[in-house]
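Only this structure's heavy atoms are used, side chains among them; waters, hydrogens and symmetry mates stay out. This one's a predicted model, so the numbers in the text were calculated from it and none came from an experiment.
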Amino acid sequence: MLTLGIGQAIISPPDITGLAPNGMPRSEVARSILDELEIHILLLREGDVTVALCVADQLFIAPKTDDEIRKRFLRRLPGAGLVLCATHDHSASPIPFGPLGPSDPESLARCDSAHDRVLSGFEEALDAALAHPVEVEVGAARVPFQPALGQNRRAKLSNGSAVSIFSSGPVVPPGQRWAGSAGDDPSHIDLLAFRAKSGRGLPLAILMSYASHIHFYEVPAFTTEAAGAARKALLRLLPDTHPVYAMSISGDVSLRFAQPIPCDEEPGKTEWQMESSRAFGESFAAAVAKALDGLDYDSGVPLRLISHVESGPSNDEDLMVQTLRIGPHALCSLPGEMFFAWEAILRDNLPCESLISLGYNRSWLGYIATPLAFEEGSYETMRGPSDILAYPTPTTRAKGATTTGNKIMDIARGQFAELF
Amino acid sequence: MPPFPLLSAALEGTDAFAAAEAARLVGEWRLRDLIPSLEHHLRTSRSYSKVTAMYAWDALDSAGSADCLAELFERPNVPDDFYWVGYRGTRAAAAAVLLRMGNAVGLPWLRERAELRDEVITRTFAPYLLRLPASAGARDFLTLDLLCDRAARDAYDPTPYSEPGALCMLCEALGVIDDDGADDHLEFYSRFHSRFVRAQVYRSRVLRDPGPETIRKIRQTTQQNGTPFERITSAVLSKDTTILARMATEARTPFDRASAIDGLREIGQPGSWESASIGLADRDPQVRQRAVEAVAHLSPDDSAKALLELRIGEKNPLVLRSLEAATHHLTC
């Protein structure tokens, strides 16, 4: 028998004075909290196995955050498993931006308070998840999402190199031509739905994963970006279904459908961001809601989690890969930020009925491109597993990063084989 | 209906890539009827890819283009991505094309950015600026030392000395710069891990020394250890259409097949249009597109029937736009 508990809490920074969100360079401090950042927990139990799936509106899950959350979690649920990841929100995790710079003690104190809020939010969400467990069944779907609103953000040029496009269109050098996209667009949403065992009605909760960055530009505010918009849109369509939005492995995919920004000043730019997020959310929610009709459900047993953690090539670069089995379905937690192409490799010859990939766990190893992508170049290929001492040249760095990518695949597939 | 409905729609639409491709076609095929649409796109689009329209307008040598470009240099009307390259790249494109036209309004800014080691100038636009006549003034500050600092090169400073895209542009610039010291840097990058950088090194070596021995060495290197893209580049440099014809069908990736077809076009032997035409049936639209443009360029009369037949059944807009440009002379 599988039970589900649902929890949620607000984790917005208590005081944003002198702070800016981390993720993209900002030119000013945050002006406001446009909408509250959240942490969500789905607490699953089957027999003596307990696993919490936790997604937070954060840029990353920093190792110190992950360590502290796990400590608190295990204090309350000894022996339980935890899968913790971020939505890779570029407007969530604060850094000091005051006039006194990054060392301003007051700003640093506010960052600490924001961090404490994440920790207390986790506990608050866990309280809620523990309060009212319900016996559930599980359904999974791979939902076509066309046109794909996430688009590969590396453009190939005729000389073979690739350039990153964060906004609208590359600056093609004179004499070169655009030679297509350097990778695929993500055309599916993966979801796990949890319905009450009574066998009727809509799910109590859905975990959804889509392989695209969720930001649009360096908005001067804290906000949930496209992830929050998708959650809100789903709640409007399905008020009794708790939506949890996670990001799949998507280091080279961004939401460019709304670009370019149509104006140069605020508040127009922020309004464009909110409208673009809303448009994404509505399309996303419509696709998900439609997929819930006729979904097949199963018992969701057995429930089992395997975790692999090891020290990475340098400090703060731990490598964590986790696979959770929920009946015939697999959920895989991977480091950020692997290129989308790795997803196809991971899905090759799956031993389970479905797979939902979650990126952005505690092991931020930077971008993990594919071997050809390293030869093509672009911004992402310069920020991979990058211990300069271990990988002093571009050649060794490229080899090191693809070795890491292959290693992650081997670990994950080994976990699949063990679990299924 | 306008004379080029697909190209007009692309230039006036919201798809940045479609507009950029349309602009490129307008420039390459000298489609003067579309000059108003091109200007409209330049003035109203907020996409960085409108730099392609600047190059096209330059190719058309249209009256009034200098004024428009001068305005865009001052106010590019694109989002200011202050931490990235789009805004500065758009200004640099306007300044560079103006310089080619004999208008030096952007030269001080280009110099200032170059001296700050801005990769937009020292990499992206360096080859173009170095190809301008000495009188344009860019060669005065785009020196070998500025482009390629030896210590930074040996340390693989990110990104100007280790990112393949930046290095492709650097190696192209090394092919045209008037300084024999470039040969040493090309030798260094001939061992770089990226096949695309190595291929550019081969091209630049031939630019600097187009003799048979240079080409022989490149062929020997690529035949022994070369990736498909390097072998394609070598075939282009040695004008070997037989190899290119084979790779246009046998290369595993669409990019390599398209590059082989581009190579046939670059060599320019009219009789090779039939080899290039094999790409018209390729399953990948990028390959079909390149084949359309190659056969129309190589032998417009011989290829007319094949192109018009393709136009009937083709559905992909990328290919259809190229067909519209390449077959315009057949329907005039």
Side-chain angles (χ1 to χ4, degrees), chain A residues 24-27 151 154-182 217-218 256-264 269 272 371-379 381-383 386 388 391-399, chain B residues 16-17 19-21 24 45-52 54-55 58 77-86 89-90 92-93 96-97 120 123-125 127-128 156 158-159 161-169 172 192-197 199-200 227 229 254-255 258-259 262 285-286 318:
Chain A
M24 286 175 287
R26 254 71 177 188
S27 57
Q151 295 167 296
R154 293 171 69 247
K156 192 108 163 127
L157 300 179
S158 44
N159 64 8
S161 66
V163 292
S164 301
I165 324 161
F166 301 129
S167 182
S168 184
V171 174
V172 177
Q176 294 297 314
R177 60 186 284 175
W178 173 65
S181 181
Y217 88 112
E218 62 280 4
R256 289 190 290 105
F257 73 93
Q259 301 281 1
I261 307 174
C263 55
D264 292 319
K269 289 160 75 172
W272 165 82
L372 180 64
F374 274 106
E375 293 192 55
E376 292 167 336
S378 75
Y379 153 79
T381 64
M382 299 303 300
R383 296 190 64 198
S386 57
I388 196 77
Y391 307 113
T393 73
T395 304
T396 53
R397 196 169 299 140
K399 283 187 180 164
Chain B
F17 290 99
E21 277 289 282
R24 178 185 63 78
S45 171
R46 285 178 60 80
S47 299
Y48 305 125
S49 53
K50 71 182 180 182
V51 297
T52 313
M54 297 183 189
Y55 312 148
D58 180 31
N77 189 28
V78 293
D80 185 1
D81 57 346
F82 60 94
Y83 54 87
W84 198 235
V85 301
T90 308
V97 172
V120 170
R123 295 290 180 266
T124 308
F125 285 91
Y128 180 87
Y156 296 102
T159 58
Y161 296 94
S162 50
E163 193 271 312
L167 289 176
C168 280
M169 301 314 296
E172 184 180 341
F192 197 72
H193 74 91
S194 166
R195 69 190 71 179
F196 306 111
V197 173
Q200 184 58 59
T227 59
F229 189 74
F255 177 77
S259 297
D262 279 349
Q286 285 274 344
L318 183 76

Asks: Would you compute the distance between atom OG1 of B:T52 and atom CZ of A:R177 and round it to the nearest 0.5 angstrom?
Replies: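 Here the interatomic distance stands at 11.0 Å.
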
Asks: Where on B:R24 is there a heavy atom nearer than 4.5 Å to chain A: the side chain, the backbone, both, or neither?
Replies: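 For B:R24, side-chain heavy atoms alone lie under 4.5 Å from chain A.
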
Asks: Heavy-atom pairs under 4.5 Å with chain B are the metric here; pick the option from A:K156, A:Q259, A:R256, A:Q176 that has the most.
Replies: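 Looking at each of A:K156, A:Q259, A:R256, A:Q176 in turn, A:K156 comes out on top.
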
Asks: Search all heavy atoms of A:D264 against all heavy atoms of B:P79 and return the closest pair with its distance.
Replies: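 Taking A:D264 first and B:P79 second, the nearest heavy atoms are OD1-CA, 4.2 Å.
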
Asks: Against chain A, label B:V78 side chain, backbone, both or neither, depending on which of its atoms sit under 4.5 Å from a heavy atom there.
Replies: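 The backbone, not the side chain.
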
Asks: From B:Y83 OH over to A:E218 CD, what is the distance, rounded to the nearest 0.5 angstrom?
Replies: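 Going from the OH atom of B:Y83 to the CD atom of A:E218 covers 4.0 Å.
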
Asks: State, to 0.1 Å, how close A:E375 and B:P164 come at their nearest heavy-atom pair, and which atoms those are.
Replies: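 Distance-wise, the nearest heavy atoms are O-CB, 3.2 Å.
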
Asks: For B:F255, what residues pass the ring-ring contact (aromatic ring centres under 6.0 Å, His included) criterion, not counting sequence neighbours?
Replies: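 By the ring-ring contact (aromatic ring centres under 6.0 Å, His included) rule, B:F255 matches B:F229.
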
Asks: For A:K269, which atoms come within 4.5 Å of any heavy atom of chain B: side chain, backbone, both, or neither?
Replies: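 No part of it gets close to chain B.
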
Asks: What are the two closest non-hydrogen atoms of B:Y48 and A:G169, and how far apart are they?
Replies: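 Distance-wise, the nearest heavy atoms are CB-O, 3.6 Å.
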
Asks: Tell me which of these, A:A162, A:S161, A:A155, has more heavy-atom pairs under 4.5 Å with chain B than the rest.
Replies: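 So the answer, after comparing A:A162, A:S161, A:A155, is A:S161.
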
Asks: Which of the residues B:P158, B:S162, B:G165, B:P254 is involved in the greatest number of heavy-atom pairs with chain A at under 4.5 angstrom?
Replies: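 Highest number of heavy-atom pairs under 4.5 Å: B:S162.
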
Asks: Look up atom CE in A:M382 and atom CD in B:E163, then write down how far apart they are to the nearest 0.5 Å.
Replies: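 Answer rounded to 0.5 Å: 6.5 Å.
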
Asks: CG of B:D81 to OG of A:S168: how many Å apart, nearest 0.5 Å?
Replies: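 That separation rounds to 11.5 Å.
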
Asks: Enter the distance from A:L157:CG to B:F196:CZ here, rounded to the nearest 0.5 Å.
Replies: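 The CZ atom of B:F196 is 10.5 Å from CG of A:L157, to the nearest 0.5 Å.
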
Asks: Which heavy atom of B:T124 sits nearest to which heavy atom of A:P174, and what is that distance?
Replies: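 The pair with the smallest heavy-atom distance is O-CD, 4.4 Å.
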
Asks: What part of B:Q286 is in contact with chain A, defined as an atom under 4.5 angstrom from a non-hydrogen atom: side chain, backbone, both or neither?
Replies: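 Just its side chain gets close to chain A.
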
Asks: Flag the one option from A:S164, A:G175, A:S378 with the top tally of heavy-atom pairs under 4.5 Å to chain B.
Replies: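 Between A:S164, A:G175, A:S378, the count favours A:S378.
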
Asks: Counting heavy-atom pairs under 4.5 Å with chain A, which one of B:L167, B:T159, B:T90 comes out on top?
Replies: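 Heavy-atom pairs under 4.5 Å are most numerous for B:T159.
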
Asks: Show the numbers, then the answer: is there a side-chain contact (heavy atoms from CB on, under 4.5 Å) between A:W178 and B:S49?
Replies: CA-CA 10 Å; A:W178 173 65; B:S49 53; over 6 Å; no

Asks: Among B:F125, B:Y55, B:Y128, single out the residue with the greatest number of heavy-atom pairs under 4.5 Å to chain A.
Replies: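 The residue among B:F125, B:Y55, B:Y128 with the greatest pair count is B:Y55.
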
Asks: Determine the option with the most heavy-atom pairs under 4.5 angstrom with chain B, choosing from A:V163, A:I165, A:L372, A:I261.
Replies: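 Highest number of pairs under 4.5 Å: A:I261.
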
Asks: With a 4.5 angstrom heavy-atom cut-off, could you sort out which part of A:R26 is near chain B: side chain, backbone, both or neither?
Replies: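 For A:R26, the backbone is the part near chain B, not the side chain.
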
Asks: Could you check which of A:Y379, A:F257, A:Y217 has the highest count of heavy-atom pairs closer than 4.5 Å to chain B?
Replies: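 That would be A:Y379.
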
